[in-house]
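Atom set for the values below is all heavy atoms of this structure, side chains included, hydrogens, waters and symmetry mates excluded. Just so you know, these numbers come straight off a predicted model, no measurement behind them.
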Amino acid sequence: MKTKKQISLFAGILLLHYLFLTLIQNNLYPIHFDPKKLFFSDLIGKSLYVPQWLFYILEAGNLILLWIISKKIFNKYSLITPFVYSVSPWSSYLVIAGSFYIYLLFFILVGFYGLLLLKYKNFLGALLISVAILGVGYSSLTLLLLIPAVLLITVFKIISFKDLKIFFVIITFLLFPLFFLIQTHSVAFRNILDNETKIFSDPGLLNMVNNYQGAAQQEGLGKLAKISENKYLFTVENILLKYTKQLVPSNYFTPQEKLLNFSFTPPILFGFLIPFVYGLYHLIKLPQRKVLFLSSLLVIPSVLSRNMVDLNRLIIFAPVVIIVISYGLIELIKNKKKKIHNIFLILTLILIILQSLVVISDIQLREKARFTKYYEFEQNYEVGKQ
């Protein structure tokens with residue numbers, strides 16, 4: 001009976017999410033990202049893309065995966081995580097625009113669920129992790145570069161190397177054709193790498209280095225400047241700055257960073273900031289904080305982009321933020337008999353309801369006008385490179 005009730009509630013959450021997605025879509029002119037080729041097809045000079053209709057199906061898959069992952073983590077409170085995701089505008093905007101990172105998010109969630117199963121000695125876990133790594137590896141160079149980070153789960157003793165030994169052998173074997181393509185199409189690989197890692201070709205950074213070195217030479221410190229003011233040092237500093245910037249809560253709970261470059265809608269409703277802060281405060285005191293630390297590696301694709309913060313690429317980090325919010329909400333619900341917890345819980349609910357009404361009203365009344373004012377014409381618009 002409980003299972004049927006949960007399925008019914010989840011179906012309601014799924015319907016709510018697609019109604020919200022439809023509302024946004026009806027108030028935008030056709031808008032899309034430049035279609036992104038799958039990595040392996042780009043290597044061999046072919047043009048294979050993820051079709052637009054598939055993003056809508058994968059979005060349902062992402063919600064389902066968040067639900068079953070939450071069942072492993074939060075048990076009876078498992079519906080909170082997909083609910084937070086469903087009422088957050090972030091993914092809806094990206095699905096409408098055909099974001100390639102919605103597709104990659106699906107494989108990341110498959111892999112995360114596989115890790116949870118593997119921790120409980122479930123063979124299906126190894127299979128799902130293999131599918132996830134093959135999916136992201138053959139699809140995206142940026143995430144292929146992150147695959148070695150999987151080794152860190154053994155370094156941090158989240159899962160023992162013994163449990164992953166056979167898995168690493170199988171993955172290496174299955175990725176061998178991709179490494180062979182990279183070797184035989186090295187020129188194409190370098191071009192793709194340059195396009196994926198715009199941070200290393202930022203002209204503003206190079207100009208800054210030249211200006212500092214020029215000023216140092218005028219003061220007779222040219223040799224010293226080559227050591228202290230070189231492009232490698234500035235690049236490392238820029239990477240650290242951008243990495244830190246990705247983790248600032250204002251990116252997620254305010255319209256500081258614009259969805260699709262124009263919207264005033266925040267990626268996640270501001271009301272969820274209270275449970276996020278509360279959940280984060282408690283999580284960093286638990287042994288599981290090392291998982292939280294490792295998950296921050298998912299911001300690296302955004303770090304490597306040209307923009308300081310790229311909400312398109314950063315969507316693959318969204319489940320981490322949403323799970324922290326869910327944990328905070330669950331802790332508030334469990335302790336609602338305490339006065340301070342009850343006040344925070346009521347305040348959170350009031351803020352979520354009020355902001356939901358404001359966001360819906362804003363989308364209906366102003367989003368189309370905002371869109372046309374930003375882009376200055378009413379026709380299909382290409383958001384840009386992904």
(request) Quick one: pull up CG in L141 and CD1 in I182 and give me the separation to the nearest 0.5 Å. (result) 7.0 Å
(message) Rounded to the nearest 0.5 Å, what separates atom OG1 in T81 from atom CG in L65?
(response) 12.5 Å
(request) Please test V87 against F20 for side chain to side chain contact (heavy atoms under 4.5 Å, CB included), starting from the C-alpha separation and ending with a verdict. (result) CA-CA 8 Å; V87 298; F20 187 44; 6.0 Å; no
(request) Calculate, to the nearest 0.5 Å, the distance between atoms NZ and CG belonging to K71 and L79 respectively. (result) 8.5 Å
(request) Give the cluster check for L16 versus I353: same hydrophobic cluster or not, with ILVMFWY residues linked at side-chain heavy-atom distances below 4.5 Å. (result) no
(request) Consider only side-chain heavy atoms of I, L, V, M, F, W and Y, link residues closer than 4.5 Å, and tell whether I343 and I325 are in one cluster. (result) no
(request) Establish whether L63 and L15 are linked, either directly or via other cluster members, by ILVMFWY side-chain heavy-atom contacts under 4.5 Å. (result) no
(request) Please tell me if the side chains of T254 and P266 come closer than 4.5 Å, counting only heavy atoms from C-beta onward. (result) no
(message) Could you measure the distance from the CD1 atom of I322 to the OG atom of S91? Nearest 0.5 Å is fine.
(response) 7.5 Å
(request) Verify side chain to side chain contact (heavy atoms under 4.5 Å, CB included) between V84 and L329, making sure each step is shown before the conclusion. (result) CA-CA 10 Å; V84 175; L329 271 174; 4.2 Å; yes
(request) Any chance you could measure L259, atom CG, to L94, atom CG, to the nearest 0.5 Å? (result) 6.5 Å
(request) Please tell me if the side chains of V277 and F344 come closer than 4.5 Å, counting only heavy atoms from C-beta onward. (result) no
(message) Side-chain heavy atoms nearer than 4.5 Å, only ILVMFWY residues, links allowed to pass through others: does that put F179 and L134 together?
(response) yes
(message) If you count heavy atoms of other groups shown closer than 6.0 angstrom to OH of Y281, is the number above 12?
(response) no
(message) Side chains of Y18 and Q25 only: does a donor on one sit below 3.5 Å from an acceptor on the other?
(response) no
(request) Kindly work out whether a path of hydrophobic side-chain contacts (I/L/V/M/F/W/Y, heavy atoms less than 4.5 Å apart) joins F272 to I333. (result) yes
(request) Output yes when a side-chain donor or acceptor of K242 lies under 3.5 Å from a complementary backbone atom of N307, and no otherwise. (result) yes
(message) Once ring-ring contact (aromatic ring centres under 6.0 Å, His included) is applied, what residue pairs with a partner in residues 33-57 remain, sequence neighbours excluded?
(response) none
(request) Mind checking side-chain hydrogen bond (donor to acceptor under 3.5 Å, both in side chains) for Q246 and listing every partner two or more places apart, or none if nothing turns up? (result) S302
(message) Distance alone, cut at 3.5 Å: any donor-acceptor contact between the side chains of Y101 and S140?
(response) no
(message) Do T265 and I24 have side chains that approach each other closer than 4.5 Å (heavy atoms only, starting at C-beta)?
(response) no
(request) Using atom types as modelled and distance alone, determine if a side-chain donor or acceptor of S296 lies under 3.5 Å from a backbone N or O of L292. (result) no
(request) Look only at the side chain of Q355 and the backbone of F270, and say whether a donor-acceptor pair between them is shorter than 3.5 Å. (result) yes
(message) Does any part of the side chain of L260, heavy atoms only, come nearer than 4.5 Å to the side chain of I96, both counted from C-beta?
(response) no
(message) Considering only residues two or more places apart or on different chains, which pairs with a residue in residues 348-365 satisfy salt bridge (Lys or Arg N to Asp or Glu O under 4.0 Å)?
(response) D362-R366, D362-R370
(message) Check the orientation of F262 and F371. Use parallel for under 30°, tilted for 30 to 60°, and perpendicular for over 60°.
(response) perpendicular
(message) Can you confirm whether Q386 sits close enough to D34 that some side-chain heavy atom of one is under 4.5 Å from a side-chain heavy atom of the other?
(response) no
(request) Decide if the gap between the ring center of F276 and the ring center of F253 is smaller than 6.0 angstrom. (result) yes
(request) Please work out whether the ring planes of Y252 and F317 are parallel, tilted or perpendicular, with thresholds of 30° and 60°. (result) tilted
(request) Taking the side chain as every heavy atom from C-beta outward, state whether F106 and V110 have any atom pair closer than 4.5 Å. (result) yes
(message) A side-chain contact here means heavy atoms from C-beta on lying under 4.5 Å apart; do N251 and V321 qualify?
(response) no
(request) Give the C-alpha distance, both sets of side-chain angles, the deciding distance and a yes or no for side chain to side chain contact (heavy atoms under 4.5 Å, CB included) between L332 and Y278. (result) CA-CA 8 Å; L332 287 173; Y278 188 74; 4.1 Å; yes
(message) When you compare the side chain of I171 with that of I129, does any pair of heavy atoms fall below 4.5 Å?
(response) no
(message) Side chains of W67 and S78 only: does a donor on one sit below 3.5 Å from an acceptor on the other?
(response) yes
(message) What's the separation between atom CD1 in I64 and atom CD in E59, rounded to the nearest 0.5 Å?
(response) 11.0 Å
(request) Check whether more than 12 heavy atoms from other residues, nucleotides or ligands sit under 6.0 Å from atom NZ of K373, and answer yes or no. (result) no
(message) Using every non-hydrogen atom in the two residues, find where P267 and S88 come nearest and quote the distance to one decimal.
(response) O-CB, 3.6 Å
(request) Could you walk me through whether F100 and Y103 pass the ring-ring contact (aromatic ring centres under 6.0 Å, His included) test, one step at a time? (result) CA-CA 5 Å; F100 185 66; Y103 163 80; 5.3 Å; yes
